[in-house]
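Naming convention: chains lettered A, B, ... in sequence-line order (proteins, then strands); numbering from 1 in each chain.
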Amino acid sequence: MARKAPAGRRPLFEARRDIEARVREAVAALLAEAAPAHEDPPAFTVEVPARREHGDFATNAALVLARPLGRPPREVALALLPKIRGGFPLARTEVAGPGFLNFFLDPSWLDEAADLARLPDWGESRAGAGERVVVEFVSANPTGPLNVVNARAAAYGDALCRVLSAAGWEVTREYYVNDAGNQFERFAESVAVRWAEIYEGRRDLSIPQGGYPGAYVYDLARRATEALAAEGLPAERLSRLPERERAEKLGRAALEAVLRDHREALRRFRVEFDRWARESDLRAEGAAETAFRRLVESGHTYESEGAVWLRTTAFGDDRDRVLRRKDGTFTYIVPDIAYHLDKLERAERAIDLLGPDHHGYLARLRAALAALGRDPSRLEFLVSQAVHLVRGGDRLKMSKREGEFVTMSEFLDEVDVDAARWFFVARSFDSPLEFDLDLAGLESDENPVYYVQYAHARIASLLGRAEAEGAWPPPGSEETPDAVGATERPAGGSRFPDPAEAALLRAVARFPEEVAIAAEERAPHRLTAYALELAQAFHAFYTECRVLDAGDPARRTARLLLTDAARNTLARALALLGVTAPERM
RNA sequence: GCGCCCGUAGCUCAGCGGACAGAGCAGCCGCCUUCUAAGCGGCCGGCCGCAGGUUCGAUUCCUGCCGGGCGCGCCA
């Protein structure tokens, strides 16, 4: 029975599955004798109730059975009760509320979780069954610095990836670079204008329509020039090049400089990508051409006003989209379709995190994939809302039009990475985020990040002290995996009888479920809430239960084990959020 | 006008079909001669935007309205 610490032990999941099976049998039995004609039993759920008084697990089986049986729910529940038997050590069952069945397990049922929670792979599971998923996030235009919305996407997307990996998905983090097409040309021209101003003293030029007037472009022009010189193209030769060619070279070099900045800002933020996909590569490889040809072959395109259109309205878009302009060039959507086709070749699933200004994009991309016979549900979108920075109770203005938007680097100069990541991941992605710079910058108890980190630091200090006293680690615990459940426990009771111990253990035991659910729902923000609850349970335990001077050695050892379980769980939860778990504070 | 997202405690936000709606912060009252008080306990605080509908049950699903944000280019 004692398995060797396989990845993905989930005590709560296992118990729930067991109870589910037994309720299912009871439901079938009741149905067979009360309504033999009835074919399929209705779907019921077994859940951990929100309230402690409602037991360890509860089912709504009687509620959903009431209608097909034509009997009141509570009566059904009473009929169901005696039919539930065998298996899990139930201490007590009851019928409560409108007809819920509540299950109270033997107090020792969770003891094993304390041992499991100390294992290095605690929290990992196979919920994702190895499904491959490409997560694309940030993907900012390479025409200027990253902003705060990009930072939000970086934190949230990275946490999502960590959570998906832990829950058994095979994740690739990708960043798509729009380094071709119209946008790039406007950018290159803008850099060329600044170049001419700096190196040729021109004053008569202006940034083209749709170009980039921001002051940072001067700096890019200088850096591009230096980079080109380093590559063997000094300024003198640059100035002799034809205008278009010069703009192309400057633009290319400036774009690489921008990308270096992006990479650097992201690295500071502890976000690294597995792959930087380039629009220019897709075009050069002919992937855009191929995608275009397939779309034409699909029969969903037509020509009008000299352009080739895709009939996306046939797939739920609100207007058709141009694929090829009358000048023969592709619109941005063609290489983008090629990119998404490629992602769906490489993985079963693709998830795109989009900024608030790109949600108009979902319908057309789904439509294009549907036109090509792909199942559009394989592509998921998470669309964020705006970020408002608040200081002194006032919102900072960040509109590009006003030219005073805060860059991600500036933001990171001011805000601690842990605090920033926490705040970004703590909110669901699709709700607007008010980022209080004063609060995030505060190293005080008002800042929720420190509450969780403090719990971890407290534990580290406690265990350090125990180690100095020779009480930790306990004998035999070095080879933890084999020692699972090896600690002596009082016959018939739990090793953790104190209510504060039990509450902490319950919080610890939930962890793998929380990770799996956060992954399934693409909702890493659930984990910040969980981390807070776990820290809360630990702080309460710490106040309530003495650990080092717990009385008898068995009790002390049990509490140390529980403390270490909390430490590991806290550390792993924080790791999934990309937040550090300090040893001291 | 059409589309997407959001309206939940004073503030910032969770919860999104289940049993009396939660957290953090702010406010008020207690708790350190003992393992980190960046802590603990308690109190105050809510027509879950409004109106219908579906359901045994709706903050959660559907429809309509009201309020806010963002889109609606042969830019990306």
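- Identified under the ring-ring contact (aromatic ring centres under 6.0 Å, His included) test for residues 529-565 of chain A, with sequence neighbours left out: A/Y451-A/H539, A/Y454-A/H539, A/F511-A/Y530, A/F538-A/F541, A/F538-A/Y542.
- Helical stems in RNA chain B, defined as runs of 3 or more consecutive Watson-Crick or G-U wobble pairs with both donor-acceptor distances under 3.5 Å, are listed by first residue as B:1-7 with B:66-72, B:10-13 with B:22-25, B:27-31 with B:39-43, B:49-53 with B:61-65.
- At whole-Å resolution of the value, CG in A/L362 and P in B/C2 are 20 Å apart.
- Every residue was checked against the side chain to side chain contact (heavy atoms under 4.5 Å, CB included) condition with A/E467, not counting sequence neighbours, and none meets it.
- Looking at residues two or more places apart in sequence or on another chain, you find a side chain to side chain contact (heavy atoms under 4.5 Å, CB included) between A/A338 and A/A287, A/A291.
- Looking at residues two or more places apart in sequence or on another chain, you find no salt bridge (Lys or Arg N to Asp or Glu O under 4.0 Å) involving A/D436.
- Partners of A/A571 according to the side chain to side chain contact (heavy atoms under 4.5 Å, CB included) rule, which considers only residues two or more places apart in sequence or in another chain, are A/H456, A/A581.
- Taking A/D430 as the reference, nothing meets the salt bridge (Lys or Arg N to Asp or Glu O under 4.0 Å) condition, with sequence neighbours excluded.
- Among residues two or more places apart in sequence or in another chain, the salt bridge (Lys or Arg N to Asp or Glu O under 4.0 Å) test is passed with A/R74 by none.
- A close approach under 4.0 Å does not occur between any side-chain nitrogen or oxygen of A/S384 and OP1 or OP2 of B/C5.
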message: How would you summarise protein contacts on nucleotides 17-23 of chain B per nucleotide, using B for base, S for sugar-phosphate only and - for none, with heavy-atom distances below 4.0 Å?
response: -BBB-S-

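- Regarding A/W422, its CH2 atom lies at a distance of 13 Å from the C1' atom of B/C13, rounded to whole Å.
- Evaluation of the salt bridge (Lys or Arg N to Asp or Glu O under 4.0 Å) rule for A/D352 yields A/K343 as partners, not counting sequence neighbours.
- For A/F423 and A/F411, the gap between ring centers reaches or exceeds 6.0 Å.
- Checked against side chain to side chain contact (heavy atoms under 4.5 Å, CB included), A/T301 has the following partners two or more places apart in sequence or in another chain: A/L295, A/V296, A/V308, A/L310, A/L323.
- The side chain of A/L548 lies closest to B/C35, out of B/G41, B/A38, B/C35.
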task: Sugar-phosphate atoms are those with a prime plus P, OP1 and OP2; base atoms are the rest. Using that split, label each nucleotide of nucleotides 68-76 of chain B B, S or - for protein heavy atoms under 4.0 Å, 5' to 3'.
output: --BS-SBSB

